[in-house]
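Per chain, numbering begins at 1; letters A, B, ... match sequence-line order. The structure presented is a predicted model; accordingly, all values stated were derived computationally and were not measured.
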There are 2 protein chains.
Amino acid sequence: MRIGELAAAAGTTPKTLRFYEESGLLPPADRTPSGYRDYAPDAVARIDFVHRGQAAGLTLAQIRQILDIRDDGAAPCEHVRDLLDERLAEIEQQIARLTALHDTIAELRHDAAQPDPDTCSPEQVCRYL
Amino acid sequence: MRIGELAAAAGTTPKTLRFYEESGLLPPADRTPSGYRDYAPDAVARIDFVHRGQAAGLTLAQIRQILDIRDDGAAPCEHVRDLLDERLAEIEQQIARLTALHDTIAELRHDAAQPDPDTCSPEQVCRYL
DNA sequence: CTTGACCTTCCCCTGCACTGGAACGTCAAG
DNA sequence: CTTGACGTTCCAGTGCAGGGGAAGGTCAAG
């Protein structure tokens with residue numbers, strides 16, 4: 001498939017895919033005789049993984065690091081584990097932070113839900129900020 | 001207190017504080033007769049809130065939006081609630097995504113933990129990518 | 001009264017993740 | 001055989017969240 005099809009299938013743009021290739025997230029694509037990039041359908045899965053990693057707050061460099069582990073079949077398991085443990089710890093921290101912020105905002109929102117001037121004064125609304 | 005002290009107390013740099021002021025996250029600071037910025041000690045709390053928001057993945061623009069609500073005592077409660085609901089939904093989504101990625105990586109890590117060639121081949125290790 | 005630490009503004013630079021646009025090549029349809 | 005959609009490379013710009021460093025002012029200590 002060509003780059004436009006792949007981009008549509010993966011929910012992104014040709015520009016971005018060329019950028020991913022240049023960044024090492026995608027292997028250099030095969031080329032047709034005329035120089036067009038030619039992708040196997042399973043490229044969609046790889047791009048999806050990139051998207052999932054991004055949606056979860058990983059940088060492209062971190063996602064690339066994980067993908068490199070897959071691509072290099074010889075990667076030592078210990079290194080793999082360490083890297084993944086690092087990511088896990090990072091993600092757990094991030095979840096904890098988000099949960100704390102969620103609670104803060106939920107309390108704030110609870111106060112804002114009562115349009116009584118006594119309970120909805122700026123001081124009341126914002127005592128959590 | 002002066003900008004250097006405040007920065008130290010809040011765990012950031014004078015540069016960043018000037019940038020926050022310019023971005024509207026901090027109100028224009030009072031000035032000493034000689035032009036130095038002069039902060040009240042409670043400025044630390046505001047900067048801490050910015051940091052908490054950031055740590056949770058909000059952009060400075062989003063954090064500013066929340067702070068603006070506090071600063072504008074006349075903000076209608078309904079608007080406040082809508083805005084906070086938006087943030088809550090966003091944060092809940094983000095937590096869900098992070099949790100999913102966490103599980104994916106944890107499974108991956110579990111596989112990588114067994115240095116048996118049969119269970120730790122690239123195909124095995126990476127069937128979740 | 002000088003020295004050094006700290007402050008001011010100003011402008012430009014960085015890294016990240018793209019995005020736009022120019023200039024040119026390819027290809028299937030009419 | 002032309003047209004239009006799609007592809008190629010290359011270079012440059014965007015938005016975010018700051019950081020570097022120049023040129024000059026301020027202030028407390030020695």
### Message
So A:T32, base contact, sugar-phosphate only, or nothing? Heavy-atom distance under 4.0 Å.
### Response
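No contact.
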### Query
Among C:dC7, D:dC6, C:dA17, which is the nearest nucleotide to the side chain of A:Q54?
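Closest nucleotide to the A:Q54 side chain: C:dA17.
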### Query
Side chain of B:L60: nearest nucleotide among C:dG25, D:dA17, C:dC7?
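Minimum distance to the B:L60 side chain belongs to D:dA17.
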Rounded distance (Å) that lies between atom [atom2] of [N] and atom [atom1] of [X]:
X	N	atom1	atom2	result
A:R31	D:dC6	CZ	P	19 Å
B:Q62	D:dA17	CD	C1'	14 Å
B:R2	D:dG25	CZ	C1'	13 Å
B:Y36	D:dA28	OH	C1'	11 Å
A:M1	D:dC6	CE	P	14 Å

### Message
So, using side-chain hydrogen bond (donor to acceptor under 3.5 Å, both in side chains) as the criterion, who are the partners of A:R37 when residues are at least two apart?
### Response
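Checked A:R37 against side-chain hydrogen bond (donor to acceptor under 3.5 Å, both in side chains); matches are A:E21.
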### Message
Once side-chain hydrogen bond (donor to acceptor under 3.5 Å, both in side chains) is applied, do any residues pair with A:E5, and if so which ones, sequence neighbours excluded?
### Response
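Counting only residues at least two positions away or on another chain, A:E5 forms no side-chain hydrogen bond (donor to acceptor under 3.5 Å, both in side chains).
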### Query
Which ones in residues 4-13 of chain A lie close to DNA chain C, meaning a heavy atom under 4.0 Å from one of its atoms?
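Here the set is A:T13.
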### Message
At a heavy-atom distance below 4.0 Å, what parts of residues 16-30 of chain A sit against DNA chain C?
### Response
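Nucleic-acid contacts, sorted: A:T16, A:F19, A:Y20.
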### Query
At under 4.0 Å, does any side-chain N or O of A:R64 touch on OP1 or OP2 of C:dC16?
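Checking A:R64 against C:dC16: no side-chain N or O falls below 4.0 Å of OP1 or OP2.
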### Query
Between B:R37 and C:dC7, is there a side-chain N or O to OP1/OP2 distance below 4.0 Å?
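So the side-chain polar atoms of B:R37 never come under 4.0 Å of the phosphate oxygens OP1 or OP2 of C:dC7.
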Rounded at 0.5 Å granularity, tell me how far [atom1] in [X] sits from [atom2] in [Y].
X	Y	atom1	atom2	value
B:L17	B:T12	CG	OG1	5.0 Å
A:T16	A:L25	OG1	CG	11.0 Å
A:L26	A:R46	CG	CZ	6.5 Å
A:I47	A:D42	CD1	CG	10.0 Å

### Residue met sooner reading DNA chain C from 5', once A:S34 and A:K15 are mapped to nucleotides
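The answer here is A:K15.
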### Task
Start with the C-alpha gap between A:D68 and A:R64, add the side-chain angles, then the distance that decides, and say whether salt bridge (charged side-chain N to carboxylate O under 4.0 Å, His left out) holds.
CA-CA 6 Å; A:D68 281 350; A:R64 185 190 163 165; 3.4 Å; yes
Listed pairs under 3.5 Å, donor-acceptor, residues 54-61 of chain B side chains, sequence neighbours left out:
from, atom 1, to, atom 2, distance (Å)
B:Q54, OE1, B:Y20, OH, 3.4
B:T59, OG1, B:A61, N, 3.4
B:T59, OG1, B:Q62, N, 3.1

### Query
Among all residues two or more places apart in sequence or in another chain, which pass the side-chain contact (heavy atoms from CB on, under 4.5 Å) test with A:E92?
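For A:E92, the residues satisfying side-chain contact (heavy atoms from CB on, under 4.5 Å) (neighbours in sequence not counted) are A:L88, B:H102.
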